[in-house]
A.B. asks: 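Have a look at the structure that comes next, please.
Here is the naming used below: chain letters follow the sequence lines, and residue numbers restart at 1 for every chain.
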Number of protein chains: 2
Amino acid sequence: MAQTHKKVTIYDVARLAGVTAATVSRVINGKANVAHETRERVLKAIEELNYYPSPLASGLHSHQSNQIGVLVPFFFGEFFYKVLSHISQVIPFPYELVLYDAATPEIKTHTLQKIFGEKKLNGLIVISLPLLKEEAFLAMQSGLPLVLLDNVHPSFPSVYFDNVMGMFHATQHLIKLGHRRIALINGAHEDPFHLEVAKHRHEGYRLAFDMARIPFDPGIMFVNDWSRAGARFIAHKILKMKNRPTAIMCTSDLQAIGVLEACKEAGVAVPEEISVMGYDDMDFADFFGLTTVQQSFQTIAKIALDMLMERINQPGSKPEKVALMPTLIVRKTTRELV
Amino acid sequence: MAQTHKKVTIYDVARLAGVTAATVSRVINGKANVAHETRERVLKAIEELNYYPSPLASGLHSHQSNQIGVLVPFFFGEFFYKVLSHISQVIPFPYELVLYDAATPEIKTHTLQKIFGEKKLNGLIVISLPLLKEEAFLAMQSGLPLVLLDNVHPSFPSVYFDNVMGMFHATQHLIKLGHRRIALINGAHEDPFHLEVAKHRHEGYRLAFDMARIPFDPGIMFVNDWSRAGARFIAHKILKMKNRPTAIMCTSDLQAIGVLEACKEAGVAVPEEISVMGYDDMDFADFFGLTTVQQSFQTIAKIALDMLMERINQPGSKPEKVALMPTLIVRKTTRELV
DNA sequence: TTGAAAGCGCTAACAG
DNA sequence: CTGTTAGCGCTTTCAA
């Protein structure tokens, strides 16, 4: 046995306080019907014995563990870290955070089945991942309060960054500066989870062109795996084009860094000869003076948790959708086309 | 009630399979003494009802939740994210990860008391944080398997990066390149948790000088809050010195970036006029061509978990200490003094 | 205001 | 090999 010394139980407290377990339970749960003097005595006993109620035992009754689950695809790096960090900062007492890692779609489905089947969590926040039909069905059926963060589903409260608008504003910024030939380096449209970020950002890019009534050139729209290395490779190709674009719009800061790298290698000055934009406003974007798009992790975490708590406290409430508008951060990698 | 639909219990399965709960329990737990045919029947019933055993109920018996706790100070950024991510990758079935955020020393103590008092976790990994005497006492007393990651305590298994040696090798690298006047920008020695990173890195720095029998100048040893901004400020002062150091050794990559920034602003070429080193090998160090010190998060996570599992499986085992040697990564911000 | 007793879902003797 | 029974620690009627 791992736990050598046995636990102090409610009975130990009861005995010491000269009452029964029921009374101790009442005190613990703050019920009104306990004599002041008795309550004091119990409290003293609890203190003295250093008693902590067993969440396992009380949970057996309520079918609740006082734990909030967070399902995440760990590979999202800084994005995920920040969201998680803010969630942990706003999670109300006495909830604990349980981390579930959806490394693959199969693991994700499996984990969800287990969560819905075990029915021990008080709530679940699904980050970035979409909910498949089958999964959504199980979720509804289990009745587990569930919120989507950075994704949407009609049947569940969802809070997400508006990727279409974010990208729209970003591209529009470039257009306003006079750019017309704006290359796009997008992230992969195809991924095992079928995320829609790339698709939405692509839409935002096109929307900006449509709104400005400018035709866009499919020949300068590229796709890679969101990586710096991939973007660097593509940027080199772009820089060598005869009719070279005057700006490169990336769907991630990482990609933008790769582009910056390529520009440096090719001896092309940024922003003098070409403008470059990122997306995400990662910690280092500031140092690179990267013009980019910022999303408030603090806000999204707060809202997701608020939604979840509301869902927990009044299960009937209808699922709201909140779209968060990203903010354009103009720094030094973009400038007016002369 | 949040959980509308009630749980399928072991009794439902037993009824459907035409056996008693005890037999179902045996099947679930893979006990040998169940007739093959009976087992099949039970398994089918489980499948059919989509039954998941209640961890709360079974946990009430074993006093275990099949959960591993991770206590972290969330502010550590990339470092913490990587460790956590690797832990989640190597955590063995069927353990879950529970996150505890030690935002302040008080919260940390509180959380530990609760953890030790509740006795529900199967094990706990404390990341980066030291264990106070009182906390260690409670830990021992509770018998909870506990492992320290990135810190040491005589009574508990510990795995950590050797900061003295890491810094020693880093500084030695500079000395080997012919540098003698090497400024140090260290992180704060004083912090609410009384971490010893700064102290150890400082020791490593001095050790390198001692070994080389070179006197060092306390006048070029600085301390800031590990931040980029702080380091940038200090670097500017350093760059203005009459007898300017030929190299600046930082105790974090963030600081090194700040120094690089200052050099650029002051028009001092790196590494031609001055060498700069970081520590941590963060994601972006590579892009900056920063010479730095790398620590393997994968290794430290794996070892911590192995230690914990051993501790869980044989509580008596004596607490090992494993020091991980950081690796020097030479890139382009350091060069031989001419 | 407090106690007695039943029960949450599962496990572990102990019989048979 | 399988059923019976008695808890694990806490909560919650129902009485007193």
A.B. asks: Quick one: does B/Asn66's side chain have a donor or acceptor within less than 3.5 Å of a partner on B/Tyr95's backbone?
C.D. replies: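 Absent.
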
A.B. asks: Is the shortest side-chain N/O distance from B/Thr38 to OP1 or OP2 of D/dT2 below 4.0 Å?
C.D. replies: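 Indeed, a polar side-chain atom of B/Thr38 lies that close.
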
A.B. asks: For residues 14-26 of chain B, which residue pairs qualify under side-chain hydrogen bond (donor to acceptor under 3.5 Å, both in side chains), counting only residues two or more places apart or in two chains?
C.D. replies: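 As it turns out, the side-chain hydrogen bond (donor to acceptor under 3.5 Å, both in side chains) pairs with a partner in residues 14-26 of chain B, which skip direct neighbours, are B/Ser25-B/Asn29.
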
A.B. asks: Is a side-chain donor or acceptor of A/Lys321 paired with a backbone partner of A/Phe156 at a separation under 3.5 angstrom?
C.D. replies: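 Pair found, side chain donor or acceptor close to backbone of A/Phe156.
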
A.B. asks: Protein within reach of the bases, or only the backbone? For nucleotides 8-16 of chain D, mark each nucleotide 5' to 3' as B, S or -, using heavy atoms under 4.0 Å.
C.D. replies: BBBBBB---

A.B. asks: Short question: side chain of A/Ser62, backbone of A/Ser58 - any donor-acceptor pair under 3.5 Å?
C.D. replies: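 Such a contact is found between A/Ser62 side chain and A/Ser58 backbone.
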
A.B. asks: With a 3.5 Å distance limit and no angle check, can you tell me whether B/Lys119 reaches the backbone of B/Ser142 through a side-chain donor-acceptor pair?
C.D. replies: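 Pair found, side chain donor or acceptor close to backbone of B/Ser142.
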
A.B. asks: Could you tell me whether a side-chain N or O of B/Thr111 sits under 3.5 Å from a main-chain N or O of B/Ile107, the two making a donor and an acceptor?
C.D. replies: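 At least one qualifying donor-acceptor pair exists.
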
A.B. asks: Please check if the side chain of B/Ser88 supplies one atom and the backbone of A/Asp101 the other of a donor-acceptor pair under 3.5 Å.
C.D. replies: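 No.
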
A.B. asks: Can the ring centroids of A/Phe79 and A/Phe297 be said to lie less than 6.0 angstrom from one another?
C.D. replies: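 Yes, the ring of A/Phe79 comes within the 6.0 Å limit of the ring of A/Phe297, centre to centre.
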
A.B. asks: From the 5' end of DNA chain C to its 3' end, which nucleotides mark the outer limits of contact with chain B, defined by a 4.0 Å heavy-atom distance cut-off (strictly under)?
C.D. replies: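 With heavy atoms of chain B under 4.0 Å away, the range is C/dG9 to C/dA13.
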
